[in-house]
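Note that this is a predicted model, so its numbers are computed, not measured. The figures that follow rest on heavy atoms only: side chains count, while hydrogens, waters and symmetry mates do not. Residue numbers start from 1 in every chain, and the chains themselves are labelled A, B, ... in the order their sequence lines are given, proteins ahead of strands.
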Amino acid sequence: MAPIIFYFFAVIALSSAVLVISCRNPVHSVLALIATFFSVAGLFVLLGAEFLAMLMMIVYVGAVAVLFLFVVMMLDIDFVELRVGFSRYLPAGIIFGAVLVFELGIMLGDWTFSDSFARNMTSPIPTDVTNTIALSKVIYTKYIYLFQLAGLILFVAMIGAIVLTFRPNSNVKRQNVVEQMQRDGASSVKVVDIKPGQGL
Amino acid sequence: MLIDSLVALSPEIMLSIYSMVVVMVGVFSKTKSMDVSLLWLSCLMFCFISLIIALTEPSDIYAFNGAFKLDGFSQFFKIVILLSSGLILAMSKDYLSRYNLLNFEYSALICLSVVGMMIMVSASNLMAVYLGLELQSLSLYVIAAFRRDSLKSTEAGLKYFVLGALSSGLFLYGASLVYGFTGTTGFEEISGVILDEGLSTGVLFGLIFILGGMAFKVSAVPFHMWTPDVYEGSPTPVTTFFAIVPKLAAIAMLARLLFVPFGNAISEWQQILVFLSISSMLIGSIAAIGQSNIKRLMAYSSISHIGFALIGLTVGSSEGLSAVIIYMFIYVIANFGVFAFILNMQRDGVSVTDISSLSLYSRVNSIRAFCLSLIILSLAGLPPLVGFFGKVFIFKAAINSGFVPLVIVGGLSSVIGAFYYLRMVYLIYFGEVSDRLGGSMPFINQVVLTTSAIAVTLGSINLFGIQGFVSVISTTFLG
């Protein structure tokens with residue numbers, strides 16, 4: 001059963017990845033990207049890496065792909081204009097790509113693994129706890145330094161996003177929460193009794 | 001165990017907590033005067049932390065399972081990085097407030113990028129290298145685009161970001177290949193695997209990709225195309241920072257990457273470095289001739305200087321490494337002087353960066369003109385100024401290890417490079433009569449300009465006394 005599921009997800013992943021770069025309509029590209037992420041998440045479940053699969057769904061599908069979709073739909077980008085230089089750069093791109101593929105082919109031909117790699121491969125996935133617990137056991141102990149560094153990078157990203165996009169506007173009227181809480185009916189509402197036929 | 005690691009990392013921890021405090025205080029105070037005081041406080045903080053590092057006894061300490069290494073080499077580079085960043089912040093205060101760029105975010109981002117550089121310099125694990133590199137680069141992308149209303153600055157930021165992301169991708173691809181074929185990301189462990197089992201093709205490819213990514217960070221040819229555009233587009237204080245501090249960090253990190261994990265594959269990376277250094281020296285010197293913008297010219301000048309520094313790394317001996325450290329030190333000192341001047345190149349209150357505006361500056365202020373000329377001549381490598389001795393050390397190390405062709409190309413490109421440096425000096429003294437530059441300059445920049453000029457002159461007597469110290473560092477570094 002597992003091979004069938006694997007091929008099912010793999011075929012979807014590959015074909016939708018091809019669609020991402022071949023679709024004319026950018027919205028279709030993003031939708032194909034989401035399909036790719038979904039099928040890769042399926043492959044992760046098949047491998048027993050359920051945490052990564054969920055992460056893939058939440059982060060890539062839930063945040064990144066939806067963000068792309070918003071960018072594509074909201075921003076007025078002329079994709080035809082972006083493709084103008086494409087044919088001009090195509091020959092150079094093909095040459096460099098071919099050289100790279102050729103070199104990587106050489107590397108595949110001489111594929112030797114180090115002894116320690118085999119040791120890493122056989123280090124068993126813990127079966128008594130879930131992925132999440134197993135991961136948290138090393139992230140907060142052995143890799144705490146790297147984990148905190150990643151947090152610092154996110155901090156920089158946050159500052160950067162605010163610095164580059166936030167324009168303080170003095171005309172905006174903001175709610176003063178304390179003042180708002182102090183208001184009561186007596187001070188805010190004036191009840192006027194208007195007699196019929198008299199007006200104010 | 002954890003406590004020992006935290007103690008070893010305390011300067012970085014302090015600086016990152018400090019930058020968070022800067023952000024918090026800046027957000028809640030919202031006053032311009034607080035932004036100014038945070039800038040000065042950051043300068044003080046940089047000096048304070050470099051003092052802490054200087055007072056730490058140099059010894060090889062590993063922290064966090066070998067991801068972080070504290071040794072004399074990293075201590076030296078951290079001190080230079082911290083002091084330079086503090087000085088650049090102080091120098092740029094005037095320019096920043098003139099263009100209304102003096103925000104607390106600027107100080108905070110500079111602090112965070114310095115944290116990233118300190119981590120890069122000490123990193124002893126491919127993952128730590130990558131995270132330090134990203135922390136540094138991400139902050140730099142933002143400050144390159146700091147002048148949001150200027151099209152050029154935004155373009156510089158975006159260009160730097162896109163190309164930087166590409167180079168990080170190259171680096172990561174190489175790192176994943178190295179991890180895949182050696183089974184470890186620790187530097188010492190990779191070195192051990194290469195020693196035991198030889199260099200497999202996969203590791204070699206990983207090394208090449210890693211070097212490609214690193215060549216981008218030090219802006220060595222053929223990965224240099226971003227440098228002139230980013231230097232020209234960014235606000236001048238940011239250009240000053242780019243020209244000095246990240247270069248130091250990237251060279252230190254490149255040295256560690258080459259000598260520690262791949263120290264047993266020296267003949268493989270030597271070929272790559274020979275190509276990088278020859279092309280950087282030649283293209284840096286030749287392309288600078290056609291430039292009319294002084295920031296672009298300094299970009300090409302930095303490319304060719306990096307080419308010279310790479311000769312020292314190519315040599316692969318401790319003599320070469322100490323020549324690199326001395327060369328970078330001299331480069332930093334001369335660049336401080338030049339940028340202290342460029343920061344205040346203005347005509348009628350508007351900043352100008354074209355070289356022709358240097359014309360007859362000697363008649364505006366003869367002392368400053370003389371100082372600037374001395375520094376430029378030192379950059380060109382004219383004896384008896386200290387820039388000449390920097391090149392001599394590099395060439396001597398190369399000759400002692402039999403890299404004579406590199407020395408010949410190096411000599412040739414310094415002769416070509418001397419042309420555009422001398423043209424600047426010519427303009428300062430004998431240029432055409434045109435609108436001259438304004439004469440005002442803040443006190444700090446005057447001090448830096450004069451000190452740098454004195455240093456490049458008197459430094460040739462004893463090389464600031466760092467020579468013995470540096471050779472001890474590099475000998476212990478190569479172990």
Would you give the length of the straight line joining atom CG of A:Leu146 to atom OH of B:Tyr130, rounded to the nearest 0.5 angstrom?
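Atom-to-atom, A:Leu146:CG and B:Tyr130:OH are 12.5 Å apart.
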Could you grab the distance from atom CG of B:Leu204 to atom CD of A:Glu103, nearest 0.5 Å is fine?
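The CD atom of A:Glu103 is 10.0 Å from CG of B:Leu204, to the nearest 0.5 Å.
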Applying a criterion of heavy atom separation less than 4.5 Å, what residues of [range] form contacts with chain A?
| range | value |
| --- | --- |
| residues 133-147 of chain B | B:Glu134, B:Leu135, B:Leu138, B:Ser139, B:Val142, B:Ala145, B:Phe146 |
| residues 6-17 of chain B | B:Leu9, B:Ser16 |
| residues 155-174 of chain B | B:Tyr173 |

If you draw a 6.0 Å radius around [atom1] in [X], do more than 12 non-hydrogen atoms from other residues or ligands fall strictly inside?
| X | atom1 | answer |
| --- | --- | --- |
| A:Lys142 | NZ | no |
| A:Met74 | CE | no |
| B:Phe209 | CZ | yes |
| A:Phe68 | CZ | no |
| B:Met225 | CE | no |
| A:Gln180 | CD | yes |

Determine all donor-acceptor pairs shorter than 3.5 Å in which one atom belongs to a side chain in residues 57-65 of chain A; sequence neighbours excluded.
none

Angle class for the A:Tyr145/B:Phe68 ring planes (parallel below 30°, perpendicular above 60°, tilted otherwise)?
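Taking B:Phe68 first and then A:Tyr145, their aromatic rings stand perpendicular (interplane angle over 60°).
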Closest heavy-atom pair and its distance - B:Arg148, A:Phe166:
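Between these two residues, the closest heavy atoms are NH1-O, 2.8 Å.
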Locate the shortest heavy-atom distance separating A:Ile153 from B:Leu131; write the atom from each residue and the value.
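Where A:Ile153 meets B:Leu131 most closely, the heavy atoms are CD1-O, 3.5 Å.
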Which bit of [X] comes within less than 4.5 Å of chain B, counting heavy atoms only: side chain, backbone, both or neither?
| X | answer |
| --- | --- |
| A:Ile144 | side chain |
| A:Leu152 | both |
| A:Gln148 | neither |

Engaged part of [X] at the chain A interface, taking heavy atoms whose separation is under 4.5 Å:
| X | value |
| --- | --- |
| B:Phe104 | neither |
| B:Leu177 | side chain |
| B:Val115 | side chain |

Between B:Asn103 and A:Val163, is any pair of side-chain heavy atoms under 4.5 Å apart?
no
Who among A:Thr165, A:Thr141, A:Leu154, A:Leu164 has the most heavy-atom pairs with chain B under 4.5 Å?
A:Leu164
